[in-house]
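Here's the structure we're looking at; comments come further down.
Chain naming here is simple, since letters A, B, ... match the order of the sequence lines and numbering starts at 1 in each.
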2 protein chains.
Amino acid sequence: MFQQIKTMFSKSCEYAIKAMIFVAQKSKEEQRVGIKEIAKGTDAPEHFMAKIMQDLSRRKLIHSAKGPNGGFYMDASDLKNSIADIVKAIDGDTIYKDCVLGLKECSEKNPCPVHFEFKEIKKNLIKMIENNTLAAFNEKLDSGKFFLRNK
Amino acid sequence: MFQQIKTMFSKSCEYAIKAMIFVAQKSKEEQRVGIKEIAKGTDAPEHFMAKIMQDLSRRKLIHSAKGPNGGFYMDASDLKNSIADIVKAIDGDTIYKDCVLGLKECSEKNPCPVHFEFKEIKKNLIKMIENNTLAAFNEKLDSGKFFLRNK
DNA sequence: ATAATAAAAGATAAAAAACTCTTTTATTAT
DNA sequence: ATAATAAAAGAGTTTTTTATCTTTTATTAT
C-alpha cells in the first residue's frame with residue numbers, strides 16, 4: 001500500500017496550526033499579516049491557506065480586516081487559544097471521542113480490543129494540546145530556535 | 001470545515017488491525033478464515049478488506065491458502081506481530097519519523113514549534129503499539145469482553 | 001481430468017481531501 | 001466619489017483514499 005503520508009492531523013489542520021503560530025508571533029507588535037505573507041511564512045499554498053484562514057476567522061479563533069492595511073491579527077484573548085482549539089475548529093473533536101479503530105459504539109462498557117491500550121495515550125495527547133496555548137508558544141519561540149517553513 | 005472523520009490511522013489500517021485480531025483469535029484452534037467471514041466479523045466492506053488482506057499477506061504478516069478449505073491463518077510467529085507491525089505495513093512508518101506539522105526537516109536541531117511538546121506523546125504511542133502483540137491480545141480477549149463489529 | 005472453492009490480481013468507480021482560480025464585498029486613502 | 005487593497009465567497013480541478021466488480025490463478029476433492 002502506498003500512502004505516503006498519514007499524520008496525526010489533516011493537512012488543513014497542520015496549515016492552520018502553523019498559520020496561527022505565525023500570526024501569533026507577529027501580533028505581538030500589533031501587526032496585521034496578509035494571506036500572502038502567511039502562506040510564504042508557513043510554506044503553504046496561498047489559496048488553500050486562504051480558505052483555512054476563513055474557517056479560523058468564522059470560528060472566531062482569529063481576527064481579520066479587509067482593505068488596505070488589512071490582514072489577520074490576534075488580540076489578547078485570541079492568544080489564549082490552544083492547539084486543541086485549532087484542531088477542534090479544523091479537524092473536529094473526533095480526537096476526543098473517536099475510537100482508534102473507528103468503531104461508533106466503542107466505550108468503557110463496550111470496548112474494542114485496543115480501547116484501554118489507547119486510553120492513556122489519548123488522555124496525554126489531549127492534555128498536551130489543551131495546555132499549549134498560542135501565548136505560551138509566543139514566550140517560548142525566540143529568534144531562530146524553531147521554524148515553520150519546509151526549509 | 002466538515003471532515004467527519006480524522007482518526008489516528010487510515011481506514012485501511014483500522015480494518016487491517018481489526019482483521020488481524022479477528023484472525024488471530026480464530027487461529028488458536030487451527031482454523032482458516034475466509035475473506036467473507038473476516039469482512040462480516042469486522043464490519044468491513046468485503047472487497048476492500050480483500051485488498052488489505054492481500055497487502056498483509058504480501059508483507060508476511062499473515063498466511064493464506066487458496067482453494068477449498070483455504071483462507072487466512074496465523075502461525076505462532078505471526079502472532080508475535082504487534083500493532084506497530086500492522087501500522088507500518090499499511091500506513092507506513094511515518095508515525096515514527098514524521099513531524100506533526102508535516103515538516104520534512106523537523107528534528108531535534110531544527111525543531112518545529114510543537115516538536116518537543118509532541119515528542120513524549122509519540123514516544124508513548126510507539127511504545128504502546130510495539131508492546132501490544134496479537135498473542136498478547138489473544139490472552140486478553142475472552143468471550144464477549146471486547147468487540148470488533150460496529151454493533 | 002474436472003469441478004468447485006477461495007485467494008490474488010486487475011481494472012474501474014465513487015467519495016473525500018487538497019489545491020487553484022475567479023468574482024464579490026468591505027475598507028481605506030486619495 | 002474613486003481607485004486600490006485585501007479578505008470572503010464561489011466555483012471549479014486534481015489527487016488520494018475508499019470501495020466495488022471482474023478475471024485469473026492456485027488448490028482441493030471427486
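Of the possible donor and acceptor atoms, one in the side chain of B:Lys122 sits under 3.5 Å from a partner among the backbone N and O of B:Ile95. B:Asp91 contributes a side-chain N or O that, together with a main-chain N or O of B:Ser10, makes up a donor-acceptor pair within less than 3.5 Å.
If you measure from atom CE of B:Met49 to atom P of C:dA9, you get 18 Å, rounded to the nearest angstrom. Following rounding to the nearest Å, A:Leu61 (CG) and D:dA7 (P) show an atom-to-atom distance of 17 Å.
Side-chain to base pairing of B:Lys51 with C:dA9: one donor and one acceptor N or O lie within less than 3.5 Å of each other. For a distance-only test at 3.5 Å, the side chain of B:Gln54 qualifies as a donor-acceptor partner of the base of C:dA9.
Proximity of A:Ser57 to the phosphate of D:dA8: a side-chain N or O atom is located under 4.0 Å from OP1 or OP2. Note on A:Arg32: every side-chain N or O is 4.0 Å or more away from OP1 and OP2 of D:dA7. Neither OP1 nor OP2 of C:dA18 sits under 4.0 Å from any side-chain N or O of A:Tyr15.
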Symbol by symbol from the 5' end, with Watson-Crick or G-U pairs under 3.5 Å, [ ] crossing and | another strand, DNA chain C is ||||||||||||||||||||||||||||||

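Ranking C:dT20, C:dA18, D:dA8 by closeness to the A:Ser10 side chain, first place goes to C:dA18.
Residues A:Cys106 and A:Cys112 share a closest heavy-atom pair of SG-N, 3.4 Å. What you find for B:Leu103 and A:Lys18 is that their closest heavy atoms are CD2-NZ, 3.4 Å.
Contact check of residues 63-76 of chain B against DNA chain D (heavy atom, cut-off under 4.0 Å) returns B:Lys66, B:Gly67, B:Pro68, B:Asn69.
The side chain to side chain donor-acceptor pair (under 3.5 Å) search around B:Asp93 returns none, not counting sequence neighbours.
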